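Note sheet for the following structure.
Quick caveat: nothing in here was measured; it's all calculated off a predicted structure. Quick note: numbers below take in every heavy atom, side chains included, and nothing from hydrogens, waters or symmetry partners. Proteins come first, then strands; the chains are lettered A, B, ... in the order of their sequence lines, and each starts at number 1.
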There are 2 protein chains.
Amino acid sequence: MLFADIDLLDENLDYRTHQWVGVRDGRIAYLGDAAPAGEDAAAYGEAYDGRGKLLAPAFYNAHAHAPMTLLRGYAENLPLQAWLNDKVFPFEDRITPEDCYWGTLLACAEMARYGCVSFSDMYYHMEEGARAALDAGLKMNLSDSLLAFNGEGLDELPVDAQNRRLLRDLRGAGDGRIVVDCNIHAEYTSNPRAVCDLAAFAREQGMRVQVHVSETRSEHEECQQRHGGLTPVRYFDSLGLFDVPVTAAHCVWVDDDDIDVLAARGVFVAANPASNMKLGSGFAPVPKMLERGVKVCLGTDGMASNNNHDMMQDLYLLALLYKGSTNDPSVVTPKQALEAATRMGALSQGRDDCGYVAVGAKADLCVFDVSGPSWAPMTNPLVNVVYAGHGADVCLTMCDGRVVYRDGAYPTLDVERAKAEVNARTQRIVGEL
Amino acid sequence: MLFADIDLLDENLDYRTHQWVGVRDGRIAYLGDAAPAGEDAAAYGEAYDGRGKLLAPAFYNAHAHAPMTLLRGYAENLPLQAWLNDKVFPFEDRITPEDCYWGTLLACAEMARYGCVSFSDMYYHMEEGARAALDAGLKMNLSDSLLAFNGEGLDELPVDAQNRRLLRDLRGAGDGRIVVDCNIHAEYTSNPRAVCDLAAFAREQGMRVQVHVSETRSEHEECQQRHGGLTPVRYFDSLGLFDVPVTAAHCVWVDDDDIDVLAARGVFVAANPASNMKLGSGFAPVPKMLERGVKVCLGTDGMASNNNHDMMQDLYLLALLYKGSTNDPSVVTPKQALEAATRMGALSQGRDDCGYVAVGAKADLCVFDVSGPSWAPMTNPLVNVVYAGHGADVCLTMCDGRVVYRDGAYPTLDVERAKAEVNARTQRIVGEL
C-alpha cells in the first residue's frame with residue numbers, strides 16, 4: 001500500500017504534513033514528501049488517499065488477559081477479593097479452550113478496531129489464544145501462568161511442560177508475530193525455588209518474562225511480611241528474575257527504592273490505569289517512574305476491569321490522571337504517554353523494529369480519520385491524538401503490512417461470529433453458576 | 001419518529017428489550033412493548049429500525065465554555081496561573097463575537113455527535129453563543145459573567161444591562177431551548193455587594209445562577225483568608241446566593257461542612273473530572289457528595305482543558321476515577337454516573353421534563369449502535385454504556401424530537417464550515433499573539 005499525501009507522526013512523534021509512505025513486504029519501505037519516482041510507486045500496490053487522515057504508529061498493548069472479554073460487565077463495583085473469589089474464579093473454572101479462542105478473537109477485533117496490533121497476554125489454554133491472534137493477523141506475546149503454592153520447583157509444575165510445548169509449536173509462528181514468553185503470575189502465587197528455576201529457563205531459552213507486581217497494597221505488604229521486608233520488586237530481583245527481560249504489570253504500590261531497581265535493571269512497567277482505578281487498586285507512580293528513567297508501557301488488562309480493549313482510552317487516562325493526583329499539570333506529557341502506548345510497548349515485547357514510523361520499521365500503523373469535529377482546530381496534532389481523539393477515529397489498522405481493520409470491516413476475522421460466540425458462551429457459563 | 005423494536009434504558013435506567021417509542025410534537029408520546037395500534041403508528045412519521053441499537057436519555061452538559069473550542073490544543077502542560085495569564089487570557093482578548101459564534105457552533109457539533117443535547121455555558125458575547133445553539137437545534141442555559149473587582153454594585157457593572165438585554169431578547173427562545181441564567185464568575189472575581197445584588201435580581205426574575213466554586217486550592221484558601229474563614233460555599237451561602245437555584249461548577253476543594261451546605265440548600269454541583277485533572281486542580285469529593293445527597297451533574301468545561309465535548313468520556317471518568325482515589329471499587333456506581341450525565345444535568349438547567357425516557361418527557365434521546373465488538377457480551381447493558389461504550393457509538397441524537405445528528409450527518413449545521421471557520425479564526429488569533 002502507498003499512503004499518498006498523508007499527514008503523520010514520525011519516529012520522534014513530530015508532525016509532518018503531506019507525506020508519502022510506501023509499504024512493501026510488511027515494512028515501511030519508503031517515506032518522503034513526494035510520491036516515489038516513476039514505476040516504483042506501482043510496486044507498493046493500492047494508493048491510499050491520505051487527505052484528511054493522520055498516520056501514526058499502531059498501539060502495543062503491554063498487558064492483557066484477552067479471553068476475559070467473556071467476563072465483560074459480569075462483576076462490578078466489588079472489592080478485589082470478592083471480585084476475584086466470588087465472581088471471577090468460579091466463572092473462569094468453567095472456561096473451555098474453545099471459549100478462550102472466541103474470547104481472544106473478540107479481543108483481537110476490539111484491538112484491531114482501535115488501532116492496536118499486538119498484545120502481551122497471560123492466561124491459560126494459550127495455544128487457543130495464539131490461534132485467535134494468528135487468525136486475526138495480530139501479534140501476541142503469549143505466556144502461560146506459573147502457579148506454585150507448595151514450594152514446588154519448576155520441573156514439578158505443569159507449566160514447565162506447557163512452556164516447552166508452546167516453544168516447540170508456536171515460537172515465531174506467523175512470521176514472528178507470535179512470541180512465547182515465560183510467566184510468573186505473581187509473588188503470592190509462586191515460591192522462590194520456582195522463580196529461580198523459571199528465570200534460569202528463560203535465560204537459557206532467550207525468553208522474556210511477564211509478571212504481576214505490587215498491584216494491590218495487600219499484595220505488596222504481605223510480600224514484605226513473608227520475605228523479611230523485601231517488596232515484590234526486590235524479592236524478584238534477589239532471585240535473579242531481572243537478569244532476563246521482564247515486563248512487570250501494574251507496579252501500583254512500588255516505593256522509591258523499587259523504582260530505582262526497575263530503572264537500573266531495565267524492567268518494563270506496564271501501567272494499567274483503567275483497571276487499577278476500576279478495582280480500587282490505586283494509581284501507579286508513573287510520573288516518578290518516567291522521571292527516573294523507568295521504561296513505562298501501557299496495557300488494558302482484562303475486560304472484567306476496564307471494560308474495553310481501546311488503547312486510546314488508557315492513553316487518555318495515562319496522560320490525564322497524574323496531573324490530577326499530583327496537582328501538577330506538567331507531569332506525563334502527551335508525547336510520553338503516546339510513546340508508552342506505541343514504541344515502549346513494542347520494545348517491551350522484544351519487537352525492536354516496531355512501534356515507530358520510519359523506513360525499515362515493520363508496517364504496524366494506524367490511520368486516524370481527523371474529519372470529526374473534535375479534531376479542529378489542528379493547533380497541536382499530538383495533543384489532539386491524546387486528549388481530543390477517540391479510538392473510534394481509527395479508520396485503518398495495519399499489522400506487518402496487512403490491513404486488519406478498515407472503515408468498519410475486519411478483513412481477517414468474522415466479527416459477527418465472534419460476538420455471537422462470546423454472547424452464547426457467556427450465557428452458558430453464567431447459567432452454570 | 002417511531003423507534004421500532006429497540007432496546008432501551010427506561011426512566012430508572014433499567015434495561016428493557018424490544019420496545020416501541022413514538023415521538024410526536026417534541027415529546028415521547030408512546031412507549032410500549034408492541035407497535036402502537038392501527039393508524040396511530042403512522043402519526044409518528046418515520047419508523048426507525050431499532051434492532052441492534054440501544055436507546056437512552058441524551059446527555060446534558062452542566063458546565064461548559066463553548067467558544068473555547070478555538071483554544072483546543074493551544075495551552076498544554078502548564079500550571080494554572082501560567083495557563084490562564086500567559087496563554088488563555090491573551091488569546092481570549094482577541095476573540096470577536098463572530099469567533100464566539102463559530103467556536104460555539106463547533107462545540108454544538110461535537111455535543112450532537114456524542115449524544116448531548118443541552119449545555120450550560122459561561123462566556124461572553126452570549127447572544128452569539130445562543131445564535132449558534134439555536135441554529136444547531138440544541139438547548140443552552142447561557143450566562144454572561146459577572147466580574148466585579150472594585151466593590152461595585154450590580155447596577156454599576158455592564159453585566160446588569162447585558163442580563164436585562166439577554167432576558168428581553170432570548171428568554172425562552174427556540175420554544176424554551178434557550179434559558180437565560182445569571183452568572184457569578186467566582187468569589188475571587190466578585191465582591192459581596194455584587195453577589196447580593198445578583199442573588200436578588202435572580203430571585204426577582206426567577207432565574208438560575210451558574211458559578212465557579214473552589215476549583216483550585218488557592219481559590220478556596222484565599223477566600224477563607226479574605227472572608228474570616230468562610231469557604232466559597234459558606235461565603236456564597238451567607239450572601240443569600242443559594243436562595244435561588246444554583247449550579248456550582250467544580251467544587252474540588254470543598255470540605256465536609258461545605259458538602260452539608262450544598263446538600264441542605266439543594267445546590268447542583270457540576271463535576272468536571274477531565275478538566276480538573278488536566279489542569280492539576282485535583283479530584284472533587286464526589287463519592288462523599290453522593291453519599292450525603294448532593295445533586296451531582298457533569299460538565300466538560302472548556303476545550304483548553306479537556307479537550308473534547310464528549311460527555312461519554314467524562315461519564316467514564318466519573319464512574320472510574322474515584323474507585324482509584326478512594327481505593328474503594330464500590331463508590332460512584334455506573335447508574336449514579338449515568339444519572340449525573342443525564343437527568344441531574346437536565347434538572348440543574350431547570351428542565352424538569354427532560355433527561356429520562358418515559359411518556360410525557362421531552363424527546364431528548366440518543367441511540368447507540370451496539371454492534372461494535374466492545375458491546376459483547378451484553379451481560380450488563382448499563383455497565384457497557386458507562387465503561388465499554390464510546391461517544392462515537394452514538395448514531396442518532398435527538399433534541400426536542402428533532403434529529404441533530406445521524407450516521408455521520410448533522411442535519412442542522414454545516415460541520416465542514418464550522419471546522420474551517422474555527423481553524424482559520426484560531427490561526428488568525430495565534431498569528432496576532
| field | Flag if over 12 foreign heavy atoms under 6.0 Å of CZ, A/Arg217 | value | no
| note | Residue from B/Gly372, B/Ala424, B/Ser325, B/Gly391 scoring the most non-hydrogen pairs under 4.5 Å with chain A is B/Ser325
| field | Under 4.5 Å from any heavy atom of chain B - which part of A/Asn327 | value | both
| field | B/Ala392 versus A/Ala392, closest heavy-atom pair with distance | value | CB-CB, 3.3 Å
| query | A/Asn276 side chain to B/Gly324 main-chain N or O, any donor-acceptor pair under 3.5 Å? | reply | no
| request: Output the option from B/Asn384, B/Asn306, B/Asp328, B/Leu70 having the highest count of non-hydrogen pairs under 4.5 Å with chain A. | output: B/Asn306
| note | Counting heavy-atom pairs under 4.5 Å with chain A, the top scorer among B/Tyr74, B/Trp375, B/Tyr387 is B/Tyr387
| said: Given 3.5 Å as the limit, does a donor-acceptor pair link the side chain of A/Arg72 with the main chain of B/Ser374, or not? | reply: yes
| message | With a 4.5 Å cut-off on side-chain heavy atoms, are B/Leu317 and A/Leu317 touching? | response | yes
| query | Does B/Ala376 offer a backbone N or O that forms a donor-acceptor pair with the side chain of A/Asn423 under 3.5 Å? | reply | no
| query | Is it the side chain or the backbone of A/Leu320 that comes within 4.5 Å of chain B heavy atoms, both, or neither? | reply | both
| remark: Under 4.5 Å to a heavy atom of chain B? For A/Tyr316 that would be side chain
| field | Proximal component of B/Tyr114, with respect to chain A [non-hydrogen, under 4.5 Å] | value | side chain
| request: Counting only heavy atoms closer than 4.5 Å, note whether A/Thr326 contacts chain B via side chain, backbone, both or neither. | output: neither
| field | Euclidean distance, B/Ser330 OG relative to A/Leu78 CG, rounded to 0.5 Å | value | 8.5 Å
| query | Atom CD of A/Glu76 and atom CG of B/Asn380: how far apart are they, to the nearest 0.5 Å? | reply | 6.5 Å
| request: Go through the atoms of A/Gln427 and report whether side chain, backbone, both or neither lie under 4.5 Å from a heavy atom of chain B. | output: neither
| said: side-chain contact (heavy atoms from CB on, under 4.5 Å) for B/Thr379 and A/Leu71? Distances and angles first, verdict last. | reply: CA-CA 8 Å; B/Thr379 304; A/Leu71 284 90; over 6 Å; no
| query | So among B/Val422, B/Val415, B/Thr69, B/Asn308, which one has a side chain to side chain contact (heavy atoms under 4.5 Å, CB included) with A/Pro373? | reply | B/Val415
| Does a side-chain heavy-atom distance below 4.5 Å link B/Met378 with A/Thr426? | no
| query | Given that the side chain runs from C-beta out, which part of A/Ser371 has a heavy atom under 4.5 Å from chain B: side chain, backbone, both or neither? | reply | both
| Heavy-atom proximity to chain A below 4.5 Å, by part of B/Ser305 | neither
| request: Report yes if some heavy atom in the side chain of A/Asp310 is under 4.5 Å from a heavy atom in the side chain of B/His390; otherwise report no. | output: yes
| request: Select one option (side chain, backbone, both, neither) describing which atoms of B/Ala274 are under 4.5 Å from chain A's heavy atoms. | output: both
| message | Looking only at heavy atoms and a cut-off of under 4.5 Å, which of B/Arg425, B/Arg113, B/Lys323 has the most pairs with chain A? | response | B/Lys323
| By a 4.5 Å heavy-atom criterion (distance strictly below it), what part of A/Ala319 contacts chain B: side chain, backbone, both, or neither? | neither
